[in-house]
Amino acid sequence: MSIKSTLNDSNKPLVCVPGQRLCLLDNEHVSGNGTYEHQGYIHSSLAGIVKISEKTENNVKRNLIEVHGINEQSIVPAPGDIVTAKVMVLNQRYCKCLIKCIGDVVLSRPYRAILRKEDIRATDKDRIDVYKCYRPGDIILARVLPLTEIHSYQLSTAESELGVVIAHSDAGVPMIPISWTEMQCPKTHNKEPRKVARIVPENAPV
């Protein structure tokens with residue numbers, strides 16, 4: 001009997017402990033947050049409740065196995081929220097990000113999100129080069145847009161206060177903003193283009 005049928009046959013949530021074997025790692029199941037893969041099986045990495053959702057990759061539907069901690073916050077990103085996210089992957093059309101914080105609240109699990117090319121800046125949208133705005137590993141401030149798809153968050157950094165807040169150079173050194181479009185490595189002095197967040201100090205005059 002599969003883990004999915006086990007859940008369907010019971011009205012009670014399936015509670016697990018760290019290291020517990022949940023199911024086979026096969027063509028029908030994929031490991032998600034709160035789990036890990038070991039010797040052909042998916043195991044729980046924490047104490048919590050097993051959650052199963054559908055994940056589609058290359059037009060193939062699979063069961064995404066996740067474990068949510070029992071003490072996990074119930075807070076989720078909502079339209080209009082300012083979030084802190086990490087840029088993971090990018091191409092010419094968008095950046096794939098992981099939302100790490102909502103406001104000042106650090107999440108116990110990240111949420112996947114997309115930052116599209118047209119939502120990076122408020123002006124000159126047709127001339128934006130994604131690679132000149134963000135790089136994998138950048139930490140950004142962004143605003144959550146209204147949901148257009150279930151389980152899919154979309155971000156915007158069009159406001160001047162939003163954009164890169166932490167970035168590392170090729171030398172692995174945290175870079176310093178030198179303008180709203182460039183950051184510089186203090187070690188090599190190399191400059192890199194970025195969409196820098198215009199952060200206003202709290203004690204700045206209004």
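Computed over heavy atoms, backbone and side chain alike; hydrogens, waters and symmetry mates excluded. The structure displayed is predicted, hence computed values, not measured ones.
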K.L.:
For a quick test of reading the model, state the closest non-hydrogen atom pair linking Thr157 to Ala142 and the distance between them.
P.N.:
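Scanning both residues completely, I find the closest heavy atoms to be CG2-CB, 3.8 Å.
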K.L.:
Any heavy-atom pair between the side chains of Val83 and Tyr153 that's under 4.5 Å?
P.N.:
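No, their side chains stay 4.5 Å or more apart.
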K.L.:
Do you know the tightest heavy-atom contact between Thr181 and Arg121?
P.N.:
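Closest pair (atom of Thr181, atom of Arg121, distance): CG2-NH2, 4.0 Å.
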K.L.:
How close do His168 and Ile166 get, counting heavy atoms only, and between which atoms?
P.N.:
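In terms of heavy atoms, the two residues are closest at CE1-CG2, 4.0 Å.
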K.L.:
Considering only heavy atoms from C-beta outward, does the side chain of Lys125 approach that of Thr123 to under 4.5 Å?
P.N.:
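Side-chain contact under 4.5 Å: no.
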K.L.:
Going by the ring-ring contact (aromatic ring centres under 6.0 Å, His included) test, which pairs reach into residues 81-108, not counting sequence neighbours?
P.N.:
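Those involving residues 81-108 do not exist here.
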K.L.:
Is the NZ or CZ atom of Arg109 both under 6.0 Å from the centre of the six-membered ring of Tyr111 and within 45° of that ring's axis?
P.N.:
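Flagged: Arg109 positioned over aromatic ring of Tyr111.
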K.L.:
If you look at every heavy atom in Tyr131 and Asn91, which pair is closest and at what distance?
P.N.:
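That closest heavy-atom pairing would be OH-CA, 3.3 Å.
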K.L.:
Do any N or O atoms from the side chain of Thr84 and from the backbone of Cys101 form a donor-acceptor pair under 3.5 angstrom?
P.N.:
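No, Thr84 side chain to Cys101 backbone: no donor-acceptor pair under 3.5 Å.
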K.L.:
With sequence neighbours excluded, tell me which residues meet salt bridge (Lys or Arg N to Asp or Glu O under 4.0 Å) with Glu118.
P.N.:
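For Glu118, the residues satisfying salt bridge (Lys or Arg N to Asp or Glu O under 4.0 Å) (neighbours in sequence not counted) are Arg116.
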K.L.:
With salt bridge (Lys or Arg N to Asp or Glu O under 4.0 Å) as the rule and sequence neighbours excluded, what pairs involving residues 167-188 come up?
P.N.:
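Residue pairs passing salt bridge (Lys or Arg N to Asp or Glu O under 4.0 Å), neighbours aside: none found.
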K.L.:
Could you measure the distance from the SG atom of Cys133 to the NZ atom of Lys195? Nearest 0.5 Å is fine.
P.N.:
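Going from SG on Cys133 over to NZ on Lys195, the span is 8.5 Å.
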K.L.:
When you measure from the side chain of His68 to the backbone N and O of Ile49, does any donor-acceptor pair fall under 3.5 Å?
P.N.:
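Absent.
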K.L.:
How far apart are the C-alpha atoms of Arg135 and Glu192, what are their side-chain angles, what is the distance that settles it, and do they pass the salt bridge (Lys or Arg N to Asp or Glu O under 4.0 Å) test?
P.N.:
CA-CA 10 Å; Arg135 301 283 176 84; Glu192 295 184 16; 3.7 Å; yes
K.L.:
Using the side chain to side chain contact (heavy atoms under 4.5 Å, CB included) rule, pick out the option among Leu22, Val50, Asn33 that qualifies with Glu66.
P.N.:
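The option that passes is Asn33.
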K.L.:
Going only through I, L, V, M, F, W and Y residues with side-chain contacts under 4.5 Å, is there a path from Val165 to Leu162?
P.N.:
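Cluster IDs for Val165 and Leu162 match.
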K.L.:
Using a 4.5 Å cut-off on heavy atoms from C-beta on, say whether the side chain of Met183 contacts that of Val196.
P.N.:
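In contact.
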K.L.:
Just wondering, do Ile99 and Pro110 contact through their side chains at under 4.5 Å, heavy atoms?
P.N.:
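A side-chain contact is absent here, since even the closest heavy-atom pair is not under 4.5 Å.
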K.L.:
List in chain and number order the residues that pass side-chain hydrogen bond (donor to acceptor under 3.5 Å, both in side chains) with Arg143, two or more places apart in sequence or in another chain; answer none if no residue qualifies.
P.N.:
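Arg143: side-chain hydrogen bond (donor to acceptor under 3.5 Å, both in side chains) contacts with Glu159.
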K.L.:
On a heavy-atom basis, which atom in Cys95 and which in Val130 lie closest, and how many Å separate them?
P.N.:
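Cys95 and Val130 have their closest heavy atoms at SG-CG1, 3.6 Å.
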K.L.:
Under a 4.0 Å threshold between the charged nitrogen and the carboxylate oxygen, would Asp138 count as salt-bridged to Arg194?
P.N.:
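So Arg194 pairs with Asp138 through a salt bridge.
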K.L.:
Answer yes or no: is there a side-chain heavy-atom contact under 4.5 Å between Val30 and Ile65?
P.N.:
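Contact flag for Val30/Ile65 side chains = no.
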K.L.:
Answer yes or no: is there a donor N or O on one side and an acceptor on the other, between the side chain of Arg62 and the main chain of His29, under 3.5 Å?
P.N.:
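Pair found, side chain donor or acceptor close to backbone of His29.
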K.L.:
Mind checking salt bridge (Lys or Arg N to Asp or Glu O under 4.0 Å) for Arg93 and listing every partner two or more places apart, or none if nothing turns up?
P.N.:
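Arg93 satisfies salt bridge (Lys or Arg N to Asp or Glu O under 4.0 Å) with no residue once adjacent residues are dropped.
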K.L.:
Would Ile114 and Leu107 show up in the same hydrophobic cluster when neighbours are defined by side-chain heavy atoms closer than 4.5 Å?
P.N.:
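No, it is not one cluster - the side chains of Ile114 and Leu107 are not joined through contacts under 4.5 Å.
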K.L.:
Would you find a donor on one side and an acceptor on the other, under 3.5 Å apart, between the side chain of Gln184 and the backbone of Lys191?
P.N.:
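The answer is no, because no donor-acceptor pair under 3.5 Å joins these two groups.
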K.L.:
Contact between Lys100 and Val106 at the side-chain level, heavy atoms closer than 4.5 Å - yes or no?
P.N.:
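They are not in side-chain contact.
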K.L.:
Quick check: closest heavy atoms across Met88 and Pro136, and the distance to 0.1 Å?
P.N.:
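Closest approach of Met88 to Pro136: O-CB, 3.5 Å.
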K.L.:
Any side-chain to backbone donor/acceptor pair from Ser31 onto Glu37? Under 3.5 Å, distance only.
P.N.:
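Between the backbone of Glu37 and the side chain of Ser31 there is no qualifying donor-acceptor contact (under 3.5 Å).
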K.L.:
With distance as the sole test, does Asp124 use its side chain to make a donor-acceptor pair with the main-chain N or O of Arg127 at under 3.5 Å?
P.N.:
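No, because the side chain of Asp124 does not come within donor-acceptor range (under 3.5 Å) of the backbone of Arg127.
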K.L.:
Charged N to carboxylate O under 4.0 angstrom, Glu28 versus Lys61?
P.N.:
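No, no charged N to carboxylate O under 4.0 Å.
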K.L.:
Which residues pass the side-chain hydrogen bond (donor to acceptor under 3.5 Å, both in side chains) test with Ser44, sequence neighbours left out?
P.N.:
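side-chain hydrogen bond (donor to acceptor under 3.5 Å, both in side chains) check on Ser44 returns nothing, list empty.
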K.L.:
Do Asp119 and Leu155 touch side chain to side chain, with heavy atoms closer than 4.5 Å?
P.N.:
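A side-chain contact under 4.5 Å is absent here.
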K.L.:
Under 30°, 30 to 60°, or over 60°: which ring-plane class applies to Tyr36 and His38, parallel, tilted or perpendicular?
P.N.:
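Tilted, since the angle between the ring planes falls between 30° and 60°.
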K.L.:
Can you tell me how far apart OG (Ser53) and CG (Leu64) are? Round to the nearest 0.5 Å.
P.N.:
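Spacing of OG (Ser53) from CG (Leu64) equals 4.0 Å.
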